[in-house]
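Numbers restart at 1 for each chain; the letters A, B, ... are given by sequence-line order, proteins then strands. Quantities reported herein were computed from a predicted structural model and do not represent experimental measurements.
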There are 2 protein chains.
Amino acid sequence: MAFLRVDPSGGEPVFQQIVDHVKREIATGRLHPEDRLPSVRDLAKELVINPNTIARAYQVLEAEGVTYSRRGAGTFIAATKPVVKGEERRRRFREAIEAALADAFHLGLSEEEARKAFDAAMKRFRLVEER
Amino acid sequence: MAFLRVDPSGGEPVFQQIVDHVKREIATGRLHPEDRLPSVRDLAKELVINPNTIARAYQVLEAEGVTYSRRGAGTFIAATKPVVKGEERRRRFREAIEAALADAFHLGLSEEEARKAFDAAMKRFRLVEER
DNA sequence: TTGACTGTACTAGTTTACCTAGTACAATTG
DNA sequence: CAATTGTACTAGGTAAACTAGTACAGTCAA
């Protein structure tokens with residue numbers, strides 16, 4: 001079973017697709033703290049892309065505090081902890097939601113459809129407090 | 001008053017920023033059908049960017065059915081009508097929401113904060129049926 | 001200790017998207 | 001008719017993304 005798929009042609013950079021995928025796997029509970037990601041070389045071979053591209057994705061993940069890497073050992077999921085906080089995180093989320101709704105308007109989505117989709121997503125993503 | 005602001009340095013292409021801005025202005029009711037957008041040259045001068053970039057943004061908007069353009073006359077907001085429908089539009093919206101929630105998870109956003117932000121956005125965007 | 005595996009760090013080059021610059025043309029408007 | 005509009009070209013610059021290859025240093029198990 002493939003760890004993930006990437007689309008080299010599409011608009012989004014491959015390394016970003018990998019970053020987003022890992023984040024989503026964590027948020028939906030399919031990846032847990034201390035889980036090990038495939039090695040840079042293994043994943044590169046599986047996805048048929050350059051190892052440098054995988055390395056870059058892993059470096060971004062580590063820079064954001066999502067994972068931690070150790071030479072010779074591998075890359076692992078970090079214990080989740082909010083790095084960004086308060087005003088900043090609310091602003092970022094608001095912008096993402098507004099962009100989605102602006103698109104939805106032009107797609108002809110109804111209010112009911114929007115709420116349904118949001119509720120369904122909330123269930124799948126473990127958006128619960130843990131302090 | 002400036003029609004909009006663009007950030008040439010930021011990650012998102014300038015032409016895309018213009019497209020998104022116009023869509024949002026419509027979705028929030030600040031632009032209405034038959035309203036005229038600034039001319040390619042005027043807006044280029046105001047934003048201090050190349051007219052070709054504005055032209056490209058307007059062409060994208062027209063291709064998506066958001067506006068219509070007439071030589072010598074200008075570019076106008078089209079009567080809103082869903083071009084994409086049913087399954088496709090739900091899928092697109094779901095993906096946007098899930099991406100926002102996956103990020104929210106790693107930002108440490110609580111379920112309550114997420115719901116508040118969503119409700120607030122729903123109010124601002126006129127996501128209501130009109131048939 | 002050895003050897004295989006890991007992440008990391010370089011250099012070099014290609015490709016593509018985005019943007020700028022300039023010119024020209026066709027359709028609309030007053 | 002004259003001014004304004006969107007549109008269509010060509011040409012070139014810049015930066016990001018990706019590939020390719022090599023090398024190095026830390027980890028781990030045999």
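Judged by closest nucleotide on DNA chain C, A:P51 is the one of B:G72 and A:P51 placed further toward the 5' end. Between B:V48 and B:R41, the residue anchored nearer the 5' end of DNA chain C, judged by the nucleotide with its closest heavy atom, is B:V48. Along DNA chain D, the nucleotide nearest A:N50 and the nucleotide nearest B:Q59 are compared for position; the residue whose nucleotide lies closer to the 5' end is B:Q59. If A:R70 and A:T53 are placed on DNA chain D by their nearest nucleotide, the residue sitting closer to the 5' end is A:T53.
With salt bridges taken as basic N to acidic carboxylate O contacts below 4.0 Å, none links A:D103 and B:R24. Salt-bridge annotation for B:R90 and B:E87: present, with a side-chain N of the basic residue lying under 4.0 Å from a carboxylate O of the acidic one.
Closest approach to the B:E62 side chain among D:dT5, C:dT8, D:dT7 is made by D:dT7 (side chain taken as heavy atoms from C-beta onward). When distances are taken from the side chain of A:P13 to each of D:dT7, C:dT8, D:dC18, the shortest belongs to D:dC18. Distance from the side chain of B:I49 is smallest for C:dT20 among the nucleotides D:dT7, C:dT20, C:dC19. Listed nucleotides C:dT6, C:dA26, C:dT20 differ in distance to B:R71; the shortest reach to its side chain belongs to C:dA26. Listed candidates were C:dC18, C:dG7, C:dT28. Nearest to the side chain of A:S39 is C:dG7.
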Test ring-ring contact (aromatic ring centres under 6.0 Å, His included) applied to A:F118 and B:F118, step by step: CA-CA 8 Å; A:F118 181 79; B:F118 181 79; 3.9 Å; yes
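Following chains of ILVMFWY side-chain contacts shorter than 4.5 Å, one cannot reach A:L61 starting from A:F76, and the two form parts of different hydrophobic clusters.
Applying the 3.5 Å distance criterion, the base of C:dG7 shares no donor-acceptor pair with the side chain of A:N52.
Here the C1' atom of nucleotide C:dC18 and the CD atom of B:Q17 are 12 Å apart, to the nearest Å. The separation between B:F76 atom CZ and D:dT5 atom C1' is 9 Å, rounded to whole Å. A:I54 has its CD1 atom 17 Å from the P atom of D:dG21, to the nearest Å.
Judged by distance alone, with hydrogens and angles left aside, the side-chain atoms of B:R94 form no donor-acceptor pair with the main-chain N or O of A:A120 at under 3.5 Å.
Within the 4.0 angstrom heavy-atom criterion, no nucleotide atom of any strand lies near A:Q16.
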